[in-house]
Amino acid sequence: MSSSASPKGKQGTKGRKQIVEENKATLQFYIYIMCAATCTHVVVSCVFFWSTLTFTSWFFLFFSLSVFAASYKFLSMMAKATYSDDGALLDGGIDLNMESGMSEHAKDLILLTAIVQILSVFSLYVWWLWLSAPLRAVYLIWFNILSPWFFSEAPEVNEKKQKKMDRKLRRR
């Protein structure tokens, strides 16, 4: 049997200090991704495609920078640790590496924007791929919130509750 097999049972919990350290490493990793994508975009665009740069190119560059800034700010606010007056760690913040959390969506947005930003050096039509982010948001909202709410079955009412409700209605 392989030692890399997934462990059975409940996953162990992380301590607050471990969450703080992992959050710092995660935020640093995404800073590197954002800087690498932006630097690559600017250098390649200015060196090889200077004559074809338009207002639209610069607009999309600043748009991607604002998406990066908003996503990073969101992640850093989620990961903000709280300390007591004497410096003891009270709360490690939300674990950014937790599966299926809101931080996953912000990290996906950073990665999508970085990929689109790098590929957009070659064609501005690549920015159409960024529309997959709002489409995914609509999909998640529909299937996780709206659809179950609209199409859920009415709660079953047993005979005793039905009679009680009928009596209340007759009194009015």
Side-chain angles (χ1 to χ4, degrees), residues 2-47 49 53 56-84 87-149:
S2 167
S3 64
S4 65
S6 61
K8 295 181 180 179
K10 184 178 175 184
Q11 182 179 356
T13 58
K14 297 180 185 179
R16 286 182 254 164
K17 193 171 184 179
Q18 182 183 4
I19 289 173
V20 169
E21 295 302 317
E22 288 180 0
N23 284 349
K24 284 181 185 177
T26 300
L27 289 171
Q28 191 66 41
F29 174 74
Y30 283 98
I31 282 283
Y32 290 152
I33 287 177
M34 292 182 286
C35 290
T38 303
C39 291
T40 302
H41 179 84
V42 169
V43 168
V44 172
S45 294
C46 291
V47 171
F49 302 108
L53 288 180
T56 308
S57 305
W58 291 108
F59 171 78
F60 282 131
L61 174 64
F62 289 114
F63 172 74
S64 65
L65 290 175
S66 65
V67 170
F68 282 152
S71 298
Y72 184 79
K73 181 69 173 173
F74 179 71
L75 286 174
S76 64
M77 292 301 291
M78 287 178 69
K80 187 175 182 179
T82 306
Y83 295 94
S84 67
L89 180 64
L90 296 175
D91 180 29
I94 296 174
D95 186 7
L96 296 180
N97 298 317
M98 179 175 43
E99 290 182 20
S100 70
M102 281 302 294
S103 64
E104 284 294 313
H105 302 300
K107 293 188 295 188
D108 289 345
L109 190 59
I110 289 173
L111 294 175
L112 174 68
T113 305
I115 291 167
V116 169
Q117 188 181 48
I118 291 171
L119 293 176
S120 70
V121 169
F122 305 108
S123 174
L124 286 178
Y125 292 111
V126 174
W127 282 102
W128 286 101
L129 290 175
W130 203 88
L131 288 177
S132 64
L135 290 175
R136 182 165 186 251
V138 168
Y139 171 83
L140 289 173
I141 289 171
W142 176 256
F143 281 101
N144 293 329
I145 299 170
L146 297 177
S147 176
W149 186 62

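Source: prediction; values computed, not measured.
- Atom OG1 of residue Thr113 and atom CD1 of residue Ile118 lie 11.0 Å apart, to the nearest 0.5 angstrom.
- Crowding of Trp128 atom CH2: a count of heavy atoms from other residues, nucleotides or ligands under 6.0 Å not exceeding 12.
- Closest approach of Ser103 to Leu96, counting heavy atoms only: OG-O, 3.0 Å.
- For the pair Thr26 and Lys107, the tightest heavy-atom approach, listed with the atom from each and the gap, is CG2-CD, 4.2 Å.
- Checked by atom type and distance alone, the side chain of Ser76 pairs as donor or acceptor with a backbone atom of Lys73 at under 3.5 Å.
- The distance between the ring centers of Tyr72 and Phe68 does not fall below 6.0 angstrom.
- Taking the six-membered ring where the residue is Trp, the centroids of Phe63 and Trp130 are separated by under 6.0 Å.
- Here Leu111 contributes atom CG and Met34 contributes atom CE; the two are 10.0 Å apart, rounded to the nearest 0.5 Å.
- The distance from the CG atom of Asp108 to the CD1 atom of Ile110 is 9.5 Å, given to the nearest 0.5 Å.
- Here the straight-line distance linking atom CZ of Phe122 with atom OG of Ser45 works out to 9.0 Å at 0.5 Å rounding.
- Residues Asn23 and Ile94 approach most closely at ND2-O, 3.0 Å, considering heavy atoms.
- Taken from CG in Leu27 to CG in Leu75, the straight-line distance is 6.0 Å, to the nearest 0.5 Å.
- Tyr139 OH to Ser132 OG: the interatomic distance, rounded to the nearest 0.5 Å, is 14.0 Å.
- Listed here is the closest heavy atom pair of Leu112 and Leu129: CD1-O, 4.3 Å.
- Smallest separation of non-hydrogen atoms from His105 and Arg136: ND1-NH1, 3.4 Å.
- The two residues Ser120 and His41 have their closest heavy-atom pair at OG-CE1, 3.3 Å.
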